[in-house]
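One structure below.
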Amino acid sequence: MKDNMFKAILFDTRSIQNYIYSGNRLRTNIGASYIVDRIFFDTLVEGTLKKMFPDDDFSTAEDTTWDHEKDGEKSWDSMKECCVAYIGGGNALILLNESKSYQDAVAVVKDFTLNLLATRPGLKVGAAIGDLSITDGKLDMSPLYAKLKKNQSTVFPAVNVPYTGLTLSCEINGEAANFCDTKNIVNPESSGDIRFYSQETAVKSAMAKKANEDLKRRFDKIFELKKSAVRMANYEFPLSVNELGQKDGENYFSVIHVDGNNMGVKFRGCDNLSDRRRLSREIKRKTEGAFADLLLKIIAAKDSGIFDDCLTFTEITKNILPIRPLIIGGDDVTFVCPANMAILFTKTLMEILNDVTPENTAEHLTQESSRQMDCCAGVAILPTAYPFFRGYELAEQLCDAAKKSMRDFAKNKKTPNEDLPVKSSWLDYAILHGEQAPTLEQIRERSYSGVRGSLHFGPYRVANEDAQNTAERRKNIENLLACTTQFPHLMGQGKYKELRDVLQRGKDDTAKYLQQLKRLNIKLPAVPDWDFLKSEDNLLWTVSGEPQTPYVDAIELIDFYVPEVVEKWQSLT
C-alpha cells in the first residue's frame, strides 16, 4: 500500500455569479466568464507556480480535457516540489511535497492573490491549507473543504478600490471609476468621448474579444473531433445583446441556466482522486459536446435560411450566431439567445444531454455516469434593457424550481434499485414584461395567481419518453408546445387573450366563456393528456392537489415560440 503525504492547498472561486453578471453589458459578462474559466490556468499556474517551482513540469495543468489519453494522469507521482492535482468546478487542488512547510504554502497563496489583485480586480478566491494523505489514489478531502467553508465565513477579501461617495461611480458595475478609457476598451462603438469606468470593468471588457476567439478555437477542435466539416472561422459569437438577431420591435432576449442532476451522487461513487479527475473531465466533455451539437444545428438552420422570417441579421452581423454561451463548466451551462428561440434551444440541449452518448464517439466517455446527464433548466425571458444580473438570478431561481419538481417526482417514483436516483429532466420559464417583483415567488404570487389557484402549470418535464400513464405525461413540455401551436389557428388573438383574463376569475366565468366558445363553434386546442381539464368538474383546472391551469402558460408562450422554425429544425440532422 503506497502512502504519500503532501501539504495541500485547496482554492475556490467565490461569488462567481456576482463577478460575471455584475455588469449590465454582455461584453463585460463575456470577459468576466472567460477570466473565471481561465483563472487557475493563467494566473495560478502561469503566474505563480511556474515562477516559484521552475523545476516542476506543469504541462498536465493545461486544459487538455478533450485529450482522453490524459484522463488517467497522476501528476503527484512524478512531482519534484509541486503539482496541480485537480482543476475544475471553480476549484484547484495544489500539492507540495512533504519537505515543504506551512509557510511555503502560504507563500503560494500570497503570490497568487497579489497577482489577482493586480491583474484581475474584483475576483475573490478562498484558500485552505492542510496535510493530505493519498493512499493508492484514495484521499479524504473533507477536512480541507471544512476549513475552506469556515474561511468563507471569516475572511472577506477587499478586491476593489473603495467607493467613497466623492469619487465618480462606474456606470456599468457601480464601483469606483478609477480607469480612464482613452482607447474605448469598454465601449468600442463610442464616438470617441473619453469616459471613466472601474478597473474591474476595464479588465473584463478587454478580455471579451479574446474570450470569443478562445471559444471559437475550442469549438473548432470539438467540431474536428466530431468529424464535422463546419469551421468556426466563418462565424462569430455576439458581443452585445443587440447582435443576437431580434427583429425590430421584438425587444426581448433570454438568459438560460442549465444544471445537471445528482452530480454529488455521481462523484461520491469515485473511489480515489484519479477516478474523480477522470469523471470530471468526462462530464465536461459530455456537456461541451452537447453544446457543440446544438451549435451545429444552429449553424445548419442559419445557413439554410430557417431563421430568416423570425430573426434579422444585417450585413455587419450576418455571420454572427444567435447564441452566446457564458458558462460551460462541468455540468453547468449558461447562455443567452433571442427570446423566440429560448425554449427551442434549451429543450434541444437538454435532450442531447439526456441521450446516452455511445462509447466510441469523440467524447470518449468510459463511465456510465458521464454518458447520460439528466438536468434541469431555467429560462428567463426579459426585455433587452432589463438588468442582466437580475435576469440570471431569475434563471437560477427557475432552475431551482425545476429541481424541486425533479425531486418531488423522484419521491413518488419507485425504482428496482432504490440506491440509484430517479432520472428526469425538468424546465421552468418566466416572461417578464417591464419591471416586476424581484423574486420568482413574488412574481408567481402577484402575476400568476387567480381566484381558483395558480395560473402557472410548470415546471415541465423534458425527454419524457418513458412515461407509463397519462398522469405522468400531463407535465410534458410537448403538451404545452402543442397547445401553444394550436391556439392561433383555432381562435383569434382577442379570444385567447380573453381566456387568460377569464381564468383569473371564478368558476362561473369560466363556464360562461366555454359556453360562448361552443355557440361560436370554437374549439380549445386538442391535447389528449389534458382532455380531463375540459370536463364540467375541472373547467380547465386541476382539482386534485394544488389547483393549476396550463392554458395561461400556453397563451403567453405564443409570442415566444415559432412552430414553423421548429418543424424545419426537427428535420435537421
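By convention here, the first residue in the shown sequence is residue 1. Hydrogens, waters and symmetry mates are skipped; everything else that's a heavy atom, side chains included, is used.
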Report task. Determine the interplanar angle of the H257 and Y392 rings, folded into 0 to 90°, and report it as parallel if under 30°, tilted if 30 to 60°, perpendicular if over 60°. Result -> perpendicular

Query raised in the report: So, the side chain of N178 versus the backbone of Q199: is there a donor-acceptor pair under 3.5 Å, distance only?
Result: yes

Query raised in the report: Distance-only, no hydrogens or angles: does the E282 side chain make a donor-acceptor pair with backbone N or O of S370 under 3.5 Å?
Result: no

Query raised in the report: Taking the six-membered ring of Y86 as reference, does the NZ or CZ atom of R277 fall below 6.0 Å from its centre and within a 45° cone about the axis?
Result: no

Report summary line: In this structure, CE of M350 is separated from CG of L294 (nearest 0.5 Å) by 12.5 Å

Requested in this report: With salt bridge (charged side-chain N to carboxylate O under 4.0 Å, His left out) as the test, would you mind laying out the steps for K226 and D293 before giving the verdict?
Outcome: CA-CA 9 Å; K226 285 178 172 286; D293 289 339; 3.2 Å; yes

Query - Sidechain-backbone polar pair: D259 side chain, V333 backbone, donor-acceptor under 3.5 Å - result: no

Query raised in the report: If you look at every heavy atom in T28 and T201, which pair is closest and at what distance?
Result: CG2-CG2, 4.0 Å

Requested in this report: Please assess I35 against Y19 for the test side chain to side chain contact (heavy atoms under 4.5 Å, CB included), listing each intermediate value before the final yes or no.
Outcome: CA-CA 10 Å; I35 289 171; Y19 180 76; 3.5 Å; yes

Query - Intermediate values then yes/no, side chain to side chain contact (heavy atoms under 4.5 Å, CB included), F58 and C82 - result: CA-CA 9 Å; F58 291 101; C82 175; 4.0 Å; yes

Query - Enclosure of K209 NZ (heavy-atom neighbours >12, cutoff 6.0 Å) - result: no

Query raised in the report: Can you say whether the rings of F40 and F11 are parallel (under 30°), tilted (30 to 60°) or perpendicular (over 60°)?
Result: tilted

**Report entry** side chain to side chain contact (heavy atoms under 4.5 Å, CB included) partner of V379, chosen from I256, L398, V255
**Finding:** I256

**Report entry** Heavy atoms of other groups near Y102 OH, more than 12 under 6.0 Å
**Finding:** no

Query raised in the report: Does D131 use its side chain to pair, donor to acceptor, with the backbone of K7 at less than 3.5 Å?
Result: no

**Report entry** Point-to-point distance, once rounded to the nearest 0.5 Å, from CG of L144 to CG of L132
**Finding:** 6.0 Å

Requested in this report: Provide the closest heavy-atom pair for P338 versus L244 in the form atom of the first, atom of the second, distance.
Outcome: CG-O, 3.4 Å

Query - ring-ring contact (aromatic ring centres under 6.0 Å, His included) evaluation trace for F335 with F291 - result: CA-CA 10 Å; F335 65 94; F291 202 92; 5.8 Å; yes

Report task. Ignoring hydrogens and angles, state whether a donor on the side chain of N261 or K403 is under 3.5 Å from an acceptor on the partner side chain. Result -> yes

Requested in this report: Say whether, by atom type as modelled, one donor and one acceptor occur between the side chain of E243 and the main chain of L239 under 3.5 angstrom.
Outcome: yes

**Report entry** Polar side-chain atom of R285 near backbone of E363 as donor-acceptor pair, under 3.5 Å
**Finding:** yes

Query raised in the report: Which pair of non-hydrogen atoms, one from T113 and one from V109, has the smallest distance, and what is that distance?
Result: OG1-O, 2.8 Å

Requested in this report: Would you check if the side chain of R281 reaches a backbone N or O of D67 as a donor-acceptor pair within less than 3.5 Å?
Outcome: yes

Report task. Please report the shortest heavy-atom distance between C337 and P322, naming the atom on each side. Result -> CB-O, 3.5 Å

Report summary line: When rounded to the nearest 0.5 Å, the distance separating OG of S22 from CZ of F389 is 8.0 Å

Requested in this report: Could you walk me through whether K216 and E236 pass the salt bridge (charged side-chain N to carboxylate O under 4.0 Å, His left out) test, one step at a time?
Outcome: CA-CA 8 Å; K216 287 176 64 175; E236 298 291 339; 3.0 Å; yes

Query raised in the report: In Å, rounded to the nearest 0.5 Å, how long is the span from CZ of F6 to NZ of K100?
Result: 14.0 Å

Query raised in the report: So how far is it from R120 CZ to D42 CG, rounded to the nearest 0.5 Å?
Result: 6.5 Å

Query - Approximate separation, where rounding is to 0.5 Å, of K149 NZ and D12 CG - result: 10.5 Å

Requested in this report: Over all heavy atoms of both residues, which pair between A158 and L117 is shortest? Give the atoms and the distance, please.
Outcome: O-CD1, 4.0 Å

